[in-house]
J.: 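Okay, here's the structure, questions in a sec.
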Amino acid sequence: MTDARRLRTDLSLRASGVLALTIAATAIHTLVRLHPQTGALAFLLAAIGFLCASAGAMLVIVGSHIHDRVQVSARWQRAAR
């Protein structure tokens, strides 16, 4: 990957993380404004808020390093058959 393409990928992932955080904030704000906080809508808004906040925070913090390879301990590697 060239440096310009890597930078574009990193910024795109971080921008999508900010978008996910915005969606989470909107869902949580809507959930808070519901007066009778029961029913399927409340659970749906809570789930959207939680999932978007988790994914958005991860994308903003990690960026393109989400694609980095990590070394797995020998204990957790697949056994040869």
J.: Given side chains that start at C-beta, do those of I66 and M58 come closer than 4.5 Å, heavy atoms only?
T.: yes
J.: What are the two closest non-hydrogen atoms of A27 and I48, and how far apart are they?
T.: CB-CG2, 3.9 Å
J.: Would a 4.5 Å heavy-atom cut-off, applied to side chains only, mark I28 and L45 as touching?
T.: no
J.: Write down the atom of R14, the atom of V62, and the distance for their closest heavy-atom approach.
T.: NH2-O, 3.6 Å
J.: Would you compute the distance between atom OG of S12 and atom CG of L59 and round it to the nearest 0.5 angstrom?
T.: 11.0 Å
J.: If you define the side chain from C-beta out and look only at heavy atoms, does anything of S73 sit under 4.5 Å from Q77?
T.: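 No. Closest side-chain heavy atoms not under 4.5 Å.
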J.: Write out all pairs satisfying side chain to side chain donor-acceptor pair (under 3.5 Å) with one or both partners inside residues 15-34, taking only residues at least two apart or from two chains.
T.: none
J.: At their closest point, which heavy atom of I23 faces which heavy atom of C52, and how far apart are they?
T.: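 Looking at all heavy atoms of both residues, the closest pair is CG2-SG, 3.8 Å.
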J.: Of D3, T9, L11, which is the lone residue that meets side-chain contact (heavy atoms from CB on, under 4.5 Å) with L7?
T.: L11
J.: I need the minimum non-hydrogen distance between A24 and G49, along with the two atoms involved.
T.: CB-O, 3.5 Å
J.: Any sub-3.5 Å donor-acceptor pair from D10's side-chain atoms to G63's backbone N or O?
T.: no
